[in-house]
Amino acid sequence: MRLIVIVGARPNFIKVGPLVPALREAGHDAHLAHTGQHYDALMSDVFFSDLKIPEPTWFLNVGSGTHAVQTGKAMMALEELFVAEKPDAVIVVGDVNSTLAGALAASKLHIPVVHLEAGLRSFDMSMPEEVNRLVADQLSAMHLTPTLEAGDNLLAENVAGERIHFVGNIMAESVLRHAQEAAKRDACGGFGMVQGEYILATIHRPENTDHPERLAHIASAFAEAPLPVLLPVHPRTRPLLAAHGVGDSTPNIHVVDPVGYLDMLALQGDAAAIVTDSGGIQEESCMLGTPCVTVRRNTERGITLEVGANRLVQAVRSDILRGLAHALSSTRDWERPEYWDLEASERVVQALAGGITPPIGLG
Ligand code: UD1
Ligand code: UDP
């Protein structure tokens, strides 16, 4: 099949790392279209080199903007691309604005949409990602799910069972493919940290960064944490943290630029605990055996809570510190969720081999 795989933002790149080679090995004419939602070298290029991802065939230069501007620009560019290239199907991954744009543009051209990482739900419509997931899933002809719960969510939304394929977690496959190489790096030493004696943190979700009171609580929890906090910071978060006096010389908090994928795996593996609001890091920490504290009102990655790798806390100083104490004393003996293994990309290939049921009305 002629397949166009859409990527745009940091977590997308990691998901297509194992996927594109598997599709090509299976004989598909698979190409990447990069919308350009993320464009800084440390938000985009570094993942292509670290994960040896094939160069995108098309780079659409969409850039930053409000949700409508970014999604609209991506739709316009993708529509033109799909009309010219006539793919048999379009694959979208995850839940970012580029995912939504790809699903909408393809659906309107009657091109079947395949969604990888379908069915995750936070049940929180204030999250832009929840809106993107819901729409992408309603438009998709094939749903490739990371967990059995994700399939149940789709069934509850009246998605036909024959469209749902439990393929497992492609982020987990990526971790397993790169963990050994990453472990050879002394990433923490490079930042003056000692293995097992620091906390790794990332914060970028609007529910935390765009609420000064919550961000202030997070900043003071980091300042009072029992170990130094290494904080590779998303470009949107840096100026917002600076407004709370958190910068390059804040005691106990080491703010650094975003790091590449292999360094990030090494940093996660060597940390005593992780504090994050990232979706992907909740999954990776579960795979790497490092206890995680998620600072959010809810999570679509509930399975990581269930297995005992993760705990959810509100953005309140005392809650974060309590969660951290719990994580630091945890036994790290949880079991990885089902199908969080090396075979997710192969299961995607098998699902596609079974054929895509056409979208309703287009059979
Ligand atoms: C996006 C995703 C989010 C994901 C995150 C991963 C949506 C709605 N959100 O959020 O789900 O968790 O990516 O990192 O798609 N910026 C740069 N350089 C870049 C990219 C962005 O400086 O290369 C800055 C710009 O100021 C931009 C801001 O970050 O306005 C936000 O970027 P955007 O892609 O809109 O959303 P993210 O917050 O990155
Ligand atoms: N990541 C990275 N460097 C960083 C921060 C994150 O390589 O400085 C990786 C992280 O390991 C995971 C992915 O980026 O693989 C997650 O992206 P992010 O947290 O930006 O988005 P989310 O998963 O929350 O949508």
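Since we're looking at a predicted model, the values are computed, not measured. Just follow the structure's listing: the first ligand is 1, and inside any ligand the first atom is 1.
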For E129, counting its heavy atoms only, list the atoms of ligand 1 lying under 4.0 Å from any of them.
3 (C), 9 (N), 11 (O)

Which class fits the ring pair F48 and F13: parallel under 30°, tilted 30 to 60°, perpendicular over 60°?
tilted

Could you tell me, atom by atom, which parts of ligand 1 come under 4.0 Å of a heavy atom of R205?
3 (C), 4 (C), 11 (O), 12 (O)

Which atom pair, heavy atoms only, marks the closest approach of H34 to G8?
CE1-O, 3.7 Å

Check the pair R185, D270 against salt bridge (charged side-chain N to carboxylate O under 4.0 Å, His left out), reporting the backbone distance first and the verdict last.
CA-CA 10 Å; R185 298 183 164 222; D270 285 345; over 6 Å; no

Checking a contact table here: which protein heavy atom is nearest atom 16 (N) of ligand 1, and how many Å away?
Y39 OH, 3.6 Å

With R121 as partner, the option from E300, E149, E157 fulfilling salt bridge (charged side-chain N to carboxylate O under 4.0 Å, His left out) is E157

With a cut-off of 4.0 Å, which atoms of ligand 1 are near a heavy atom of Q70?
34 (O), 35 (O)

Looking only at non-hydrogen atoms, the one of S64, P128, A101 nearest atom 27 (C) of ligand 1 is S64

Any side-chain heavy atom of R236 sitting closer than 4.5 Å to one from D210?
yes

Tell me which protein heavy atom sits closest to atom 6 (C) of ligand 1, plus the residue, atom name and distance to 0.1 Å.
P11 CD, 3.5 Å

Could you identify the single nearest non-hydrogen protein atom to atom 18 (N) of ligand 1 and state the distance to 0.1 Å?
D40 OD2, 2.9 Å

Among all protein heavy atoms in this structure, tell me which lies nearest to atom 2 (C) of ligand 1, with the distance rounded to 0.1 Å.
V96 CG1, 3.8 Å

Going by the order shown, which atoms of ligand 1 are within less than 4.0 Å of some heavy atom of H67?
8 (C)

Does E173 come within less than 4.0 Å of R177, counting only side-chain N to carboxylate O?
yes

Short N/O distance, under 3.5 Å, between N97 and ligand 1?
yes

Distance-minimising heavy-atom pair for D95 and N132:
O-ND2, 3.0 Å

E117, E306, E284 screened by salt bridge (charged side-chain N to carboxylate O under 4.0 Å, His left out) with R301, the one that passes:
E117

Check this for me: does any side-chain nitrogen of one of D137 and R163 sit under 4.0 Å from a carboxylate oxygen of the other?
no

Shortest protein heavy-atom distance from atom 37 (P) of ligand 1, along with the residue and atom involved:
H234 NE2, 3.8 Å

Using a strict threshold of under 4.0 Å (side-chain N to carboxylate O), is an ion pair present between D257 and R238?
yes

Close residues, ligand 2: non-hydrogen atom nearer than 4.0 Å:
R10, P11, I14, F47, M171, H204, R205, P232, P258, V259, G260, Y261, M264, Q268, S278, G279, G280, I281, E284

Residues at least two apart in sequence or cross-chain that pass salt bridge (charged side-chain N to carboxylate O under 4.0 Å, His left out) with D88, listed by chain then number, are none

Nearest non-hydrogen atom to atom 14 (O) of ligand 1 belongs to which of Q37, R236, H38?
H38

In terms of side-chain geometry, is the basic nitrogen of R2 or E85 positioned less than 4.0 Å from the acidic oxygen of its partner?
yes

Closer than 4.0 angstrom, basic N to acidic O: yes or no for R214 and E207?
no

Mind checking whether S278 contacts ligand 1 via backbone (N, CA, C, O), side chain (CB onward), both or neither, at a 4.0 Å heavy-atom cut-off?
neither

Which ligand 1 atoms are under 4.0 Å away from a heavy-atom of P235?
16 (N), 17 (C), 18 (N), 22 (O)

Using ring centroids (six-membered ring only for Trp), state whether H178 and Y261 fall under 6.0 Å.
yes

Under 4.0 Å from a heavy atom of M43: which atoms of ligand 1 are those, numbered in the order shown and with their elements?
23 (O)

With heavy atoms of H204 as the reference, note each atom of ligand 1 found under 4.0 Å away.
4 (C), 5 (C), 6 (C), 12 (O)

